[in-house]
Peer 1: 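Quick one: the structure is below, and I'll ask about it shortly.
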Amino acid sequence: RLRTWDNRSQVHEPADRNFRQAFSELDRLKTKLALSDAVIEKTAYIYRKALDKGLVRGRSIPGLIAASLYAACRNTETPRTLTDVSNGINIKRKDIARCYRLLLRELDLKMPVVNPIKCVSRISSIAGLSEKTKRKAVEILDQAAKIELSAGKDPMGLAAAALYLSCVINGENKTQKDIAVSAGVTEVTIRNRYKGLKEALEL
Amino acid sequence: MPQTKPIVSVENVVASASVDQKMDLNEITRTFPDVEYHPDQFPGLVFRLKSPKTATLIFTSGKMVCTGSKSEEMARKAVKTVVQKLRKGGIKVKKDATVEIQNIVASINLGGKIHLEQAARTLPRSMYEPEQFPGLIHRMLDPKTVILLFSSGKLVCTGAKKEPDVYRSVNNLHALLEEKNLMIYD
DNA sequence: GCTTTAAAAAGTAAGTT
DNA sequence: AACTTACTTTCTAAAGC
């Protein structure tokens, strides 16, 4: 485990203690966010690249570790939000987002765009929605992607709206508020996306 | 050849200036009650003009930053007006200010929609994170500018120091988008 | 890095009515 | 539900922490 860092920890560099501390935090996050070994390995790999490019100078190590972790999740399409990472490591979401964008710029990383379909399971399990409703929501999101209705929109908002629309179609009684809270978006956003999906897909 | 002619509108011009002499910001604050000066919050004094509608930051070094102009010429005029007002208010300013344009922000309409997600995969030095911001951020190397692209076909270009660079950036990007089949016209 | 200023794009958020 | 206001991103200079 943590091979990438362990190699480095053999040599006693000045920043050694900070690294050990940051990576023990990462180990704690692995459990807290239920992450796979692959994600942690990728995090270490990305962080190592940032180190080699000298991006760590004058910047907070935990911030870059958190950003590397988020980048690893994105890269492996592991559905974890910036807010998840932020709550887990107790660093402001905005600071992690800034470090993450720095990584993308400086390391020339290309990330797959978050697929709203990946958000469906998560919202559904929190809100307690049926398999049938989930399946219909996935269909709706597939259609929406085809006509590029998703361009520029928050994947969580889109997934929440698709699930709400799916509930209405299937007669599953869930309020906008229930789904909004489960998805971490506002009811207004669900209404706006819902309107767009309904009109564009004429459902 | 591009299929549409982009509509470009300069929205903001930032200029730095200098009157090459020390300034007493407290004296300016006394003579111009409308200015904002909170040295413990920010070292610059904010001097607002109604016309041209701008905000000029004045520092004790005599250096200034003028923001809010809609053109390079308007920015130069705004700095002149500020110096003129300071003199009328009894503030001694020996030389006229030297002005340098530092940044030009423009909004653009390409007249067709953009395949944003495909553009994100195709354009180099670009970043598209809809959870954080609805636009695709693209860094152009020559001219060195940053362009925000939206699915509506509208853009924001920033970082240019000359107006022609705004047009060059837009034309470069427009040609690239058409070449890669990333535009949709009705 | 932060502080302040201006401006646009489109999406999301929050407080009022 | 509408409105209003405000914040997200990009850029840039200034002096100082």
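Just so it is clear: chains get the letters A, B, ... in the order the sequence lines come, proteins before strands, and each one is counted from 1. Bear in mind that the values here come from a model prediction, so they are computed numbers and not experimental data.
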Peer 1: Which donor-acceptor pairs under 3.5 Å do side chains of residues 191-203 of chain A form with protein atoms, sequence neighbours excluded?
Peer 2:
{"residue": "A/R191", "atom": "NE", "partner": "A/Q176", "partner atom": "OE1", "Å": "3.0"}
{"residue": "A/N192", "atom": "ND2", "partner": "A/V188", "partner atom": "O", "Å": "3.4"}

Peer 1: What pairs meet the salt bridge (Lys or Arg N to Asp or Glu O under 4.0 Å) rule with one or both residues in residues 159-183 of chain A, with sequence neighbours excluded?
Peer 2: none
Peer 1: Rounded off to whole Å, could you give me the CZ-to-P distance for the A/R191 and C/dA14 pair?
Peer 2: 13 Å
Peer 1: When you compare C/dT4 with D/dC7, how far apart are their P atoms, in angstrom units rounded to a whole number?
Peer 2: 11 Å
Peer 1: With P as the reference atom in both, quote the distance from C/dT5 to D/dA6 in angstrom, rounded to an integer.
Peer 2: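 About 13 Å, rounded to a whole number of Å.
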Peer 1: If you look at every strand shown and take non-hydrogen atoms under 4.0 Å, does A/G184 touch a base, only sugar-phosphate, or nothing?
Peer 2: sugar-phosphate
Peer 1: Please output the side-chain donor-acceptor pairs of residues 51-65 of chain B that fall under 3.5 Å, not counting sequence neighbours, one pair per line with the distance.
Peer 2:
{"residue": "B/T54", "atom": "OG1", "partner": "B/P52", "partner atom": "O", "Å": "3.0"}
{"residue": "B/S61", "atom": "OG", "partner": "B/K63", "partner atom": "N", "Å": "3.2"}

Peer 1: A/S124: what forms a side chain to side chain donor-acceptor pair (under 3.5 Å) with it, not counting sequence neighbours?
Peer 2: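 Residues passing side chain to side chain donor-acceptor pair (under 3.5 Å) with A/S124: none at all.
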Peer 1: Can you measure from OG1 (B/T29) to CD (B/E36) and round to the nearest 0.5 angstrom?
Peer 2: 10.5 Å
Peer 1: Is it true that a side-chain atom of A/S166 and a backbone atom of A/A162 form a donor plus acceptor pair closer than 3.5 Å?
Peer 2: no
Peer 1: Mapping A/R105 and B/A15 to their closest nucleotides on DNA chain D, which lands nearer the 5' end?
Peer 2: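 Mapping each residue to its closest nucleotide by heavy atoms, the 5'-most match is A/R105.
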Peer 1: Would you measure the distance from the P atom in D/dT9 across to the matching atom in C/dG1 and give it in whole Å?
Peer 2: 13 Å
Peer 1: Atom pairs under 3.5 Å, N or O on each side, protein against nucleotides 3-7 of chain C: can you list them with distances?
Peer 2:
{"residue": "C/dA6", "atom": "OP1", "partner": "B/R48", "partner atom": "NH1", "Å": "2.4"}
{"residue": "C/dA6", "atom": "O4'", "partner": "B/T67", "partner atom": "OG1", "Å": "2.9"}
{"residue": "C/dA6", "atom": "N3", "partner": "B/N12", "partner atom": "ND2", "Å": "3.0"}
{"residue": "C/dA7", "atom": "OP1", "partner": "B/K53", "partner atom": "NZ", "Å": "2.8"}
{"residue": "C/dA7", "atom": "N3", "partner": "B/N12", "partner atom": "ND2", "Å": "3.2"}

Peer 1: Pair up each side-chain donor or acceptor in residues 131-144 of chain B with any protein partner under 3.5 Å, not counting sequence neighbours, and list the distances.
Peer 2:
{"residue": "B/E131", "atom": "OE2", "partner": "A/Y70", "partner atom": "OH", "Å": "3.4"}
{"residue": "B/E131", "atom": "OE2", "partner": "A/R74", "partner atom": "NH1", "Å": "3.2"}
{"residue": "B/Q132", "atom": "OE1", "partner": "A/R101", "partner atom": "NH1", "Å": "2.7"}
{"residue": "B/H138", "atom": "NE2", "partner": "B/P124", "partner atom": "O", "Å": "3.2"}

Peer 1: How would you list, by chain and number, every residue that makes a side chain to side chain donor-acceptor pair (under 3.5 Å) with B/E11, sequence neighbours excluded?
Peer 2: B/S9, B/K70, B/S107
Peer 1: So, B/R168 and B/D165, do they make that salt bridge, N to O below 4.0 Å?
Peer 2: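 Counted as a salt bridge, because a side-chain N and a carboxylate O are separated by less than 4.0 Å.
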Peer 1: Between the protein and nucleotides 15-17 of chain C, are there any N/O to N/O pairs under 3.5 Å, and if so, what are the atom names and distances?
Peer 2:
none

Peer 1: Pick the nucleotide of DNA chain D nearest each of B/S61 and B/K161; which residue has the one closer to the 5' end?
Peer 2: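 Of the two residues, B/K161 wins.
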Peer 1: Find the distance between CD1 (A/I96) and CD1 (A/I65) and round it off to the nearest 0.5 Å.
Peer 2: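 Here the rounded value is 11.5 Å.
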Peer 1: Determine, for A/D84 against A/R122, whether the closest basic-nitrogen to carboxylate-oxygen distance falls under 4.0 angstrom.
Peer 2: yes
Peer 1: Identify, with sequence neighbours excluded, every residue that meets ring pair (Phe, Tyr, Trp, His ring centres under 6.0 Å) alongside B/Y185.
Peer 2: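 With neighbours one apart ignored, the set is empty.
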Peer 1: Have A/T189 and A/T186 got a donor and an acceptor in their side chains that come within less than 3.5 Å?
Peer 2: yes
Peer 1: Reading DNA chain D from 5' to 3', where do the contacts with chain B start and stop? Cut-off is 4.0 Å to heavy atoms.
Peer 2: D/dT8 to D/dA15
Peer 1: Under 4.0 angstrom, heavy atoms only, what part of the nucleic acid is A/R98 near: base, sugar-phosphate, or nothing?
Peer 2: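 If one applies the 4.0 Å heavy-atom cut-off, A/R98 turns out to touch the sugar-phosphate alone, with no base involved.
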Peer 1: Nearest whole angstrom, please: distance from the C1' of C/dC2 to the NZ of A/K92.
Peer 2: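 Going from NZ in A/K92 over to C1' in C/dC2 covers 12 Å.
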Peer 1: Quick one: label B/S9 by what it contacts on the DNA or RNA (base, sugar-phosphate, nothing), any heavy atom closer than 4.0 Å.
Peer 2: nothing
Peer 1: Can you tabulate the close N/O pairs, meaning under 3.5 Å, that link protein atoms to atoms of nucleotides 10-12 of chain C?
Peer 2:
{"residue": "C/dA10", "atom": "OP1", "partner": "B/S152", "partner atom": "OG", "Å": "2.5"}
{"residue": "C/dG11", "atom": "OP1", "partner": "A/K153", "partner atom": "NZ", "Å": "3.2"}
{"residue": "C/dT12", "atom": "OP1", "partner": "A/D154", "partner atom": "N", "Å": "2.9"}
{"residue": "C/dT12", "atom": "OP2", "partner": "A/R193", "partner atom": "NE", "Å": "2.9"}
{"residue": "C/dT12", "atom": "OP2", "partner": "A/R193", "partner atom": "NH2", "Å": "2.8"}

Peer 1: Tell me, please, which residues at least two apart from B/R121 pass side chain to side chain donor-acceptor pair (under 3.5 Å).
Peer 2: none
